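Written out below as structure tokens is the structure these notes cover.
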2 protein chains.
Amino acid sequence: MTELEKGPTGRRRGRGARERILGAAQELFREQGINRTGMDQLCAAAEVSKRTAYQHFAGKDELVAEYLRRFDPSVLSGVFDRTDLTPRERLLAAFDVPPTTPLCPYIATAVELHDPQHPASQYARDYKQAVAARLADAAREAGAADPEQLGEQLALLIDGAAARTRVLNADAFPTAAAIAAVLIDNAIPATAGDDRRREEVSS
Amino acid sequence: MTELEKGPTGRRRGRGARERILGAAQELFREQGINRTGMDQLCAAAEVSKRTAYQHFAGKDELVAEYLRRFDPSVLSGVFDRTDLTPRERLLAAFDVPPTTPLCPYIATAVELHDPQHPASQYARDYKQAVAARLADAAREAGAADPEQLGEQLALLIDGAAARTRVLNADAFPTAAAIAAVLIDNAIPATAGDDRRREEVSS
DNA sequence: CGGTAAGCACACAGGGCGGTGTACTTAAGT
DNA sequence: ACTTAAGTACACCGCCCTGTGTGCTTACCG
């Protein structure tokens with residue numbers, strides 16, 4: 001519905017079917033969830049015939065898996081490549097999500113599918129572990145005493161904020177960011193302080 | 001399947017239909033999720049005729065709402081009433097969940113239903129806020145500087161652990177408990193230390 | 001004992017879903 | 001121009017799901 005750039009011909013949109021399908025999936029799965037989005041509706045939104053959809057994807061399951069795989073982790077990749085930030089700032093930047101973010105689709109998919117064996121569930125697992133690993137890398141760069149632990153902790157905070165935001169319908173990322181700041185300051189030895197305030201920890 | 005105490009008559013189980021239905025819902029919704037559990041299957045598991053089920057509940061939605069409402073928050077209520085623990089220990093005890101806990105059903109329900117207006121979603125919201133409030137109470141009792149903030153933070157940790165446990169298929173509560181310990185020690189002024197170690201904060 | 005509320009068995013309606021079959025049309029490459 | 005890959009239109013199948021209609025049986029309680 002947003003900007004599906006309809007082809008110039010008006011009908012018979014041409015060769016971009018697969019991309020249009022994945023684009024529509026992105027939108028509809030986010031807005032309605034996977035289970036509540038039928039293939040008919042999805043194909044209509046993608047302006048693609050159902051037949052074409054099933055020539056690109058063996059079934060809905062495969063489409064769901066590909067949808068997750070193609071999901072643009074804009075928050076993540078955008079954050080870790082920013083060299084203008086100190087490592088500590090980079091760790092904290094992971095919590096600056098635009099308020100228009102509905103919910104981490106990886107969690108939503110894993111819960112909705114309810115099957116750990118599903119390819120999409122496996123990919124969600126891989127992705128979450130990758131995020132923790134990248135956070136651990138940044139933590140190591142920032143001089144954390146136990147980077148793996150800090151990475152795992154920050155990843156848990158992100159997931160907690162995402163879940164809580166969904167259930168309460170209220171942005172929980174600021175709370176998570178506050179916790180993250182405490183953890184980071186506690187984990188990084190005072191010597192490595194790049195931009196830490198002088199005052200020691202909290203009280 | 002666990003201990004549905006089947007009636008002595010063998011068939012025609014008698015008047016306990018409503019309880020049996022809710023018991024079966026508890027089990028099946030947890031194990032399979034709500035959307036993947038049909039009313040037929042549920043009635044079979046409850047040893048109740050479908051007709052009876054629909055005389056007790058106007059529809060599946062109402063059953064789901066009642067299921068959440070009747071959910072025994074064994075972890076929660078069991079923890080806050082323990083007077084043998086110091087307030088700090090009580091806060092930490094909320095993270096000692098038995099490893100057989102699949103996932104906080106409130107999060108799962110909110111994600112599965114995908115409709116914030118659904119009665120069950122509203123109840124999930126209420127419940128999550130109640131948990132945060134009780135945690136804040138305990139935090140106040142423990143002498144935290146900002147009990148509301150600490151309560152909200154601990155609640156976020158619990159939700160994060162629950163979500164992450166589900167997605168990764170690995171217990172994330174120890175990590176959350178470790179974070180909680182840091183937060184609690186940072187939030188409670190040193191004077192009120194009931195059982196804190198002497199060494200200052202982490203490093 | 002008799003009445004009434006609770007429960008049962010079972011078929012069936014109505015709809016949505018995932019997925020397919022068939023015959024047709026268009027665009028692109030050489 | 002001809003071929004071929006991509007897409008289309010649309011009817012259709014079988015399945016499962018929520019929810020009902022109907023007539024019957026049992027347990028409790030005064």
Side-chain angles (χ1 to χ4, degrees), chain A residues 4-25 28-29 31-68 109 112-115 117-120, chain B residues 4-25 28-29 31-67 109 112-115 118-120:
Chain A
L4 268 182
E5 87 256 16
K6 44 184 59 173
T9 57
R11 88 198 284 305
R12 179 78 48 158
R13 239 79 50 252
R15 300 297 159 89
R18 188 184 178 91
E19 300 310 313
R20 262 178 290 134
I21 294 169
L22 287 168
L28 294 177
F29 288 168
E31 288 173 8
Q32 311 180 335
I34 295 169
N35 293 329
R36 293 184 142 63
T37 301
M39 289 300 281
D40 282 319
Q41 185 196 1
L42 199 152
C43 290
E47 295 184 296
V48 156
S49 84
K50 218 162 137 199
R51 209 70 193 83
T52 301
Y54 279 98
Q55 266 150 13
H56 279 287
F57 303 96
K60 193 183 183 184
D61 284 347
E62 191 175 303
L63 170 58
V64 170
E66 192 63 20
Y67 143 77
L68 257 203
T109 301
E112 275 205 89
L113 297 183
H114 220 280
D115 171 20
Q117 306 306 316
H118 193 290
Chain B
L4 269 182
E5 85 257 18
K6 45 184 59 174
T9 58
R11 90 195 283 306
R12 180 74 51 155
R13 240 81 45 255
R15 300 296 161 86
R18 188 183 177 92
E19 299 311 313
R20 262 177 291 134
I21 294 169
L22 287 168
L28 295 177
F29 288 167
E31 287 173 11
Q32 310 180 333
I34 295 170
N35 292 328
R36 292 184 141 63
T37 301
M39 290 298 282
D40 281 319
Q41 185 194 2
L42 199 151
C43 290
E47 294 184 296
V48 156
S49 85
K50 218 162 133 199
R51 208 67 194 83
T52 301
Y54 279 99
Q55 265 149 14
H56 279 288
F57 304 96
K60 193 183 182 182
D61 285 347
E62 192 175 304
L63 171 59
V64 170
E66 191 64 20
Y67 144 76
T109 302
E112 274 204 271
L113 297 184
H114 221 283
D115 171 19
H118 193 291

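A, B, ... follow the sequence lines: proteins, then strands. Residue 1 opens every chain. All of these numbers come straight from a predicted model, not from anything done at the bench.
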- Task: Please list, chain by chain and in numerical order, all residues satisfying salt bridge (Lys or Arg N to Asp or Glu O under 4.0 Å) with A:Glu19, sequence neighbours excluded.
- Result: A:Arg70

- Message: If I take atom CD in residue B:Glu47 and atom C1' in nucleotide C:dA9, what distance separates them, rounded to the nearest angstrom?
- Response: 15 Å

- Task: Report the C-alpha separation of A:Arg18 and A:Glu66 in whole Å, then their side-chain angles, then the decisive distance to 0.1 Å, and conclude whether the side-chain contact (heavy atoms from CB on, under 4.5 Å) test is met.
- Result: CA-CA 11 Å; A:Arg18 188 184 178 91; A:Glu66 192 63 20; 4.0 Å; yes

- Query: Counting just side-chain N and O atoms, does B:Ser49 come under 4.0 Å of either OP1 or OP2 of C:dA9?
  - Reply: no

- Message: Output one letter per nucleotide in nucleotides 12-21 of chain C: B when a protein non-hydrogen atom lies under 4.0 Å from the base, S when only the sugar-phosphate is that close, - when neither is.
- Response: ------SBBB

- Query: Given C:dA6, is OP1 or OP2 found less than 4.0 Å from the side-chain N or O atoms of B:His56?
  - Reply: no

- Sorted by chain and residue number, the side-chain contact (heavy atoms from CB on, under 4.5 Å) partners of A:Asp61 (sequence neighbours excluded) come out as A:His118

- Which one of B:Thr109, B:Asn35, B:Leu42 satisfies the side chain to side chain contact (heavy atoms under 4.5 Å, CB included) criterion with B:Phe29? B:Leu42

- Task: Return the value, rounded to whole Å, for the distance between atom CG of B:Leu63 and atom C1' of D:dC17.
- Result: 14 Å

- Message: Using the side chain to side chain donor-acceptor pair (under 3.5 Å) criterion, which residues pair with B:Gln41? Sequence neighbours excluded.
- Response: B:Gln32

- Task: Could I get the full list of salt bridge (Lys or Arg N to Asp or Glu O under 4.0 Å) partners for B:Lys50, not counting sequence neighbours?
- Result: B:Asp40

- Task: Would you mind reading off the distance between B:Phe57 atom CZ and D:dT20 atom C1', rounded to a whole angstrom?
- Result: 18 Å

